[in-house]
Amino acid sequence: MIRARGIRKSYRLAGARSGELPVLRGVDFDVADGEFAAVIGRSGSGKSTLLALLGGLDSDYSGELQVAGKELRTLSDAELSAYRNTTIGFVFQAFHLLDHLSCEDNVALPALFRVNGKESKDARLARARELMETVGIADKIGTRPGTLSGGQKQRLAIARALYHKPQLLICDEPTGNLDSASAAAIIALFRKLRDESGVTLTIVTHDPTIAAAADRVIEIKDGVVELVPGPGAEEVRP
Ligand SMILES: Nc1ncnc2c1ncn2[C@@H]1O[C@H](COP(=O)(O)OP(=O)(O)OP(=O)(O)O)[C@@H](O)[C@H]1O
Ligand SMILES: [Mg+2]
């Protein structure tokens, strides 16, 4: 699903600290189709920077970065929007939910950015409700996100990211704002999604229990990747 070779990324600094800040200095890794990968590394090591590249949000890098067979830097703007809207789903640490909409309208938001074809409102709501069931918050249909707990908001954000059946789900610190019980439930949800929907997962985390649940752990250290086999790596999967 992901093939990264020699990824280099620097930020240009302005003002008094002008110059270049190298963050990724030749990052190599693969994530197989259907795999659950965790990306770890200390604060400032470049995890979110890497996710922005994978998410098609930043094309200013060198090296090879292929996702679902596409070399991201060669995509046109239209192809990149289609990639962001349908090939991948993105979940941020802050949930970015809209409280003036119902939970199911939040889940169906990606339908508004659809490039080809339009679904009926009934079809959108049916899909949103089905996803709320998948992530375990069917009882919240008809309510506003503001009335949900942190763990439920994260489930809602995950349901929204799954709306277009992405091949790859990318999450930045999905349990960063949650207590340990809610975090454990989100991790169980990731494993269920991997096992039942076959979606590939790439999850940035500081949470050792996510890393322990993953098939593969990719550690970023000093701008390069150290591969750590996850404890789940030997597990036989259907
Ligand atoms: N837009 C930017 N301009 C300049 N420097 C940046 C920018 N974004 C990030 N950086 C710097 O790049 C480095 C990597 O940042 P990044 O956000 O990728 O780290 P991270 O591993 O996600 O950290 P955390 O675990 O704290 O979220 C940091 O030193 C950060 O200050
Ligand atoms: Mg980060």
Side-chain angles (χ1 to χ4, degrees), residues 1-31 35-67 72-73 77 80 83-84 88-97 150-151 153-155 157-158 160-161 166 168-180 182-184 186-187 189-190 200-228 230:
M1 178 63 56
I2 304 177
R3 179 186 149 88
R5 291 292 180 276
I7 302 291
R8 295 177 164 272
K9 165 75 191 173
S10 303
Y11 288 109
R12 273 178 280 283
L13 302 174
R17 296 169 61 223
S18 68
E20 294 246 319
L21 174 70
V23 177
L24 305 176
R25 307 162 181 254
V27 162
D28 300 320
F29 67 95
D30 292 296
V31 177
E35 202 169 32
F36 174 178
V39 178
I40 63 170
R42 61 174 182 70
S43 182
S45 57
K47 304 182 295 298
S48 296
T49 298
L50 178 62
L51 280 202
L53 305 185
L54 280 173
L57 301 170
D58 182 355
S59 301
D60 181 21
Y61 62 91
S62 63
E64 251 179 73
L65 184 55
Q66 284 175 22
V67 181
L72 297 189
R73 208 179 327 85
D77 285 350
L80 257 186
Y83 169 79
R84 284 193 295 260
I88 62 161
F90 211 120
V91 176
F92 303 89
Q93 180 175 350
F95 315 112
H96 300 299
L97 298 166
K153 285 180 185 158
Q154 193 55 282
R155 286 164 188 273
I158 292 168
R160 181 181 53 191
L168 174 66
L169 182 66
I170 301 173
C171 307
D172 200 351
E173 290 283 355
T175 59
N177 287 329
L178 305 180
D179 62 65
S180 57
S182 309
I186 294 291
I187 295 163
L189 172 60
F190 286 145
T200 305
L201 298 161
T202 299
I203 313 246
V204 161
T205 187
H206 281 111
D207 184 342
T209 57
I210 293 195
D215 300 315
R216 179 192 295 270
V217 177
I218 297 160
E219 181 175 6
I220 303 186
K221 204 171 168 186
D222 302 323
V224 299
V225 165
E226 305 215 330
L227 282 175
V228 189

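Note that the coordinates shown come from a computational prediction; the quantities given were computed from them, not determined experimentally. One-based numbering, in listed order, for ligands and for the atoms of each.
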Any nitrogen or oxygen of Leu13 lying under 3.5 Å from a nitrogen or oxygen in ligand 1? Just yes or no. no
Checking the N or O distance criterion of under 3.5 Å, is ligand 1 in contact with Gly44? yes
Report the C-alpha distance between Leu169 and Phe190 in whole Å, list the side-chain angles of each, state the deciding distance to 0.1 Å, and finish with yes or no for side chain to side chain contact (heavy atoms under 4.5 Å, CB included). CA-CA 10 Å; Leu169 182 66; Phe190 286 145; 4.3 Å; yes
Ring of Phe90, cation from Arg84 - is the NZ or CZ under 6.0 Å from the centre and inside 45° of the axis? no
With a 4.0 Å heavy-atom cut-off (strictly under), which part of Leu21 contacts ligand 1: side chain, backbone, both or neither? side chain
What residue and heavy atom of the protein are closest to atom 9 (C) of ligand 1, and at what distance? Tyr11 CE1, 3.4 Å
Is it true that Asp30 and Arg5 make a salt bridge, defined as a side-chain N closer than 4.0 Å to a carboxylate O? yes
Is Ser43 close enough that one of its N/O/S atoms sits under 2.8 Å from the Mg ion (ligand 2)? no
To which protein heavy atom is atom 27 (O) of ligand 1 closest, and what is the distance rounded to 0.1 Å? Ser48 OG, 4.0 Å
Among protein heavy atoms, which sits nearest to atom 26 (O) of ligand 1, and what does the distance come to when rounded to 0.1 Å? Ser43 OG, 2.5 Å
Indicate yes or no: does Asp60 engage Arg12 in a salt bridge with an N to O separation below 4.0 Å. yes
Out of all atoms in ligand 1, which are within 4.0 Å of some heavy atom of Val23? Include the element for each. 12 (O), 13 (C), 14 (C)
Look at Asp58 together with Lys9 and state whether they make a salt bridge at an N to O cut-off of under 4.0 Å. yes
Using a 4.5 Å cut-off on heavy atoms from C-beta on, say whether the side chain of Val91 contacts that of Asp172. no
Close side-chain approach of His206 and Arg42, heavy atoms under 4.5 Å: no
Does Ser59 reach the side chain of Leu72, with side-chain heavy atoms less than 4.5 Å apart? no
Is Glu173 close enough to touch ligand 1? Criterion: a residue heavy atom under 4.0 Å from a ligand atom. no
Counting from 1 in the order shown, the ligand 1 atoms closer than 4.0 Å to a non-hydrogen atom of His206 are 25 (O)
Of the side chain and backbone of Thr49, name the one, both, or neither that has a heavy atom under 4.0 Å from an atom of ligand 1. both
Distance below 4.0 Å between atom 31 (O) of ligand 1 and any protein heavy atom? no
Residues Asp207 and Thr209: side-chain donor-acceptor under 3.5 angstrom: yes
What protein heavy atom is closest to atom 25 (O) of ligand 1, reported as residue, atom name and distance in Å? Lys47 NZ, 2.7 Å
Show your reasoning for whether side chain to side chain donor-acceptor pair (under 3.5 Å) applies to Thr49 and Tyr11. CA-CA 10 Å; Thr49 298; Tyr11 288 109; 2.9 Å; yes
With a cut-off of 4.0 Å, which atoms of ligand 1 are near a heavy atom of Ser45? 19 (O), 21 (O)
Just which atoms of ligand 1 are under 4.0 Å from any heavy atom in Arg42? 21 (O)
